[in-house]
Q: 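Got a structure for you, questions after.
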Amino acid sequence: MEDQAGRVLVVDDDETVRDVVRRYLETAGFTVDLAGDGTAALARFAERVPDLVVLDVMMPGLNGLEVCRRLRQTSQVPIVMLTALGEEENRIAGLQLGADDYVTKPFSPKELTLRVASVLRRARMPRPEPPTAELTDGNLRLQMTARQATLDGAVLPLTTREFDLLAYFLSHPGVAFSRADLLEKVWGWDFGDQSTVTVHVRRLREKIERDPAKPVRVATVWGVGYRYDRTQP
């Protein structure tokens, strides 16, 4: 069946990259649409919404970050960003705009294919009913059904993944998790770039900590990973 594995829109201005990624994805059973720039990507997306978008950041004209921003205005389709080595600011910006993951160039097409399959598998999993309607820690409040977080009554602009990460932390206060643990439990991946977790924790701290440089909620456990410490018993 044509769309059994899923339909993927691959957006990159490098024809060689597009072709290599297409061949690997098609071998894995995916149906692939291609776009060579941001404008073409938005047009292809409008013609037929894919199950996932592989989106290069650095493109002439309409770059990947702007494409991601526009897609997130109307859709929650999973997005995997392609960023160049050393472009940490672009990775952070992409995640902040709502990208689900990123892969750093140069990359292994096989790993990218596995990552695409993993992100899609996670996206297709039915979201379980939350064990509680609300999670709180002092002035921090998560309404699970509405998927809204507030701090001192003000709504926090959390991405989907940031919300999931915070909810997991709040559900397991005082427990130290490695980045691999969080990658598995929150992202649903048993492999992948663990720096994805580091970036999300950094962004989360910037939104919930009074001083992100001296976090009191999301603590670093040296040699292990991270632990959520409640501010109130």
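Start at 1 with the first residue, then count along the sequence.
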Q: Please report the interatomic distance CG(L82) to OG1(T104), rounded to the nearest 0.5 Å.
A: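 The OG1 atom of T104 is 9.0 Å from CG of L82, to the nearest 0.5 Å.
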Q: Is there a side-chain contact between R210 and T231 in this structure, where contact means two heavy atoms from C-beta onward sitting under 4.5 Å apart?
A: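 R210 vs T231: side chains apart.
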Q: Nearest 0.5 angstrom please: Y24 OH to D19 CG, how far?
A: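 Rounded to the nearest 0.5 Å, the OH-CG separation comes to 11.5 Å.
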Q: Before giving the answer on side-chain contact (heavy atoms from CB on, under 4.5 Å), spell out for V155 and Q148 the whole-Å C-alpha distance, their side-chain angles and the decisive distance to 0.1 Å.
A: CA-CA 7 Å; V155 176; Q148 184 179 78; 3.8 Å; yes
Q: Please work out whether the ring planes of F169 and Y226 are parallel, tilted or perpendicular, with thresholds of 30° and 60°.
A: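 Because their plane-to-plane angle is over 60°, the rings of F169 and Y226 count as perpendicular.
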Q: Given the rule in the salt bridge (charged side-chain N to carboxylate O under 4.0 Å, His left out) test, do E66 and R70 qualify, once you have shown the distances and angles that lead to the verdict?
A: CA-CA 6 Å; E66 178 60 19; R70 295 191 187 188; 2.8 Å; yes
Q: Report the residues that fulfil side chain to side chain contact (heavy atoms under 4.5 Å, CB included) with Q76, sequence neighbours left out, ordered by chain and then residue number.
A: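 For Q76 the side chain to side chain contact (heavy atoms under 4.5 Å, CB included) partners, ignoring immediate neighbours, are R72, T160.
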Q: Name the one of V10, V116, V21 that satisfies side-chain contact (heavy atoms from CB on, under 4.5 Å) with F30?
A: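 Going through V10, V116, V21 one by one, the side-chain contact (heavy atoms from CB on, under 4.5 Å) with F30 is satisfied by V116 alone.
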Q: Answer whether the closest heavy-atom distance between the side chains of L55 and V67 falls below 4.5 Å.
A: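 The answer is yes; the side chains approach within 4.5 Å.
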Q: With rounding to the nearest 0.5 angstrom, report the OG1 to CG distance, T159 to L165.
A: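 CG of L165 is found 9.0 Å from OG1 of T159.
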Q: Would you call R161 and D100 a salt bridge, taking side-chain N to carboxylate O under 4.0 Å as the test?
A: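 The answer is yes: the pair qualifies as a salt bridge.
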Q: Could you please spell out the steps behind the side-chain contact (heavy atoms from CB on, under 4.5 Å) verdict for L140 and L156?
A: CA-CA 10 Å; L140 179 63; L156 292 172; 3.9 Å; yes
Q: Using the rule that two of Ile, Leu, Val, Met, Phe, Trp, Tyr join whenever any of their side-chain heavy atoms come within less than 4.5 Å, decide whether V216 and L135 are in one cluster.
A: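 The answer is no; the residues belong to distinct hydrophobic clusters.
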Q: Can E26 and R23 be counted as an ion pair, charged N to O under 4.0 angstrom?
A: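 R23 and E26: not salt-bridged.
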Q: Could you go step by step and tell me if R147 and Q143 meet the side-chain contact (heavy atoms from CB on, under 4.5 Å) rule?
A: CA-CA 6 Å; R147 290 186 64 80; Q143 295 173 288; over 6 Å; no
Q: Would you check if M81 and L65 make a side-chain contact, meaning some heavy-atom pair closer than 4.5 Å?
A: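 Counting from C-beta outward, M81 and L65 do come under 4.5 Å.
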Q: Looking only at heavy atoms, what is the nearest atom pair of A99 and C68, with distance?
A: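 Shortest heavy-atom contact: N-SG, 4.1 Å.
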Q: Looking at D181 and R179, is there a salt bridge between them, counting it only when a charged N and a carboxylate O are closer than 4.0 Å?
A: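 Answer for the salt bridge query: no.
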Q: If you compare all heavy atoms of A149 against all heavy atoms of F163, which two are closest, and at what distance to 0.1 Å?
A: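 Smallest heavy-atom distance, with atoms named: N-CE1, 4.1 Å.
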Q: Would you kindly confirm whether V221 and V197 end up in one hydrophobic cluster when ILVMFWY residues are joined by side chain heavy atoms under 4.5 Å apart?
A: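 V221 and V197: separate clusters.
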Q: What's the spacing between S108 OG and L114 CG if we round to 0.5 Å?
A: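 S108 OG to L114 CG: 8.0 Å, rounded to 0.5 Å.
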Q: Can you name the nearest heavy-atom pair linking P215 to P212, along with the distance?
A: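 P215 and P212 have their closest heavy atoms at CD-O, 3.4 Å.
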Q: Might you point out which heavy atoms bring P109 and V20 nearest each other, and give the distance in Å?
A: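 Closest approach of P109 to V20: CG-CG1, 3.5 Å.
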Q: Any idea which heavy atoms bring R217 and D137 closest together, and the distance?
A: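 In this case the closest contact between R217 and D137 is NH2-O, 2.8 Å.
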Q: If you look only at pairs with a residue in residues 8-18, which of them pass as a side chain to side chain donor-acceptor pair (under 3.5 Å), with sequence neighbours excluded?
A: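 Residue pairs passing side chain to side chain donor-acceptor pair (under 3.5 Å), neighbours aside: D12-K105.
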Q: Tell me, do L166 and Y168 make a side-chain contact under 4.5 Å, heavy atoms counted?
A: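 Heavy-atom side-chain distance check fails, nothing below 4.5 Å.
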Q: Determine whether R7 and D51 satisfy the following criterion, salt bridge (charged side-chain N to carboxylate O under 4.0 Å, His left out), listing intermediate values before the conclusion.
A: CA-CA 5 Å; R7 177 175 291 271; D51 297 295; over 6 Å; no
Q: Are L42 and L62 side-chain neighbours, meaning at least one heavy-atom pair lies under 4.5 Å?
A: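 L42 reaches L62 side chain to side chain.
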Q: Just so I know, are the side chains of N63 and V57 near enough to count as touching, which here means a heavy-atom distance under 4.5 Å?
A: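 No. Closest side-chain heavy atoms not under 4.5 Å.
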Q: Indicate whether any N or O donor in one side chain lies under 3.5 Å from an N or O acceptor in the other, for R22 and T27.
A: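 No - no donor-acceptor pair under 3.5 Å links their side chains.
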Q: Would you confirm whether the ring centroid of Y228 sits within less than 6.0 angstrom of the ring centroid of H172?
A: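 No, too far apart.
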Q: Using side-chain heavy atoms (C-beta onward) and a distance below 4.5 Å, is L158 in contact with K207?
A: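 Yes, side chains in contact.
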Q: Please name the pair of heavy atoms, one in P78 and one in V119, separated by the smallest distance, quoted to 0.1 Å.
A: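 Between these two residues, the closest heavy atoms are CB-CG1, 3.6 Å.
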Q: Find out whether V53 and V8 are in side-chain contact, i.e. whether some heavy atom of one side chain is under 4.5 Å from a heavy atom of the other.
A: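 No, their side chains stay 4.5 Å or more apart.
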Q: Can you list everything that forms a side chain to side chain contact (heavy atoms under 4.5 Å, CB included) with T136? Sequence neighbours excluded, please.
A: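 Result, side chain to side chain contact (heavy atoms under 4.5 Å, CB included) vs T136: E134, R141.
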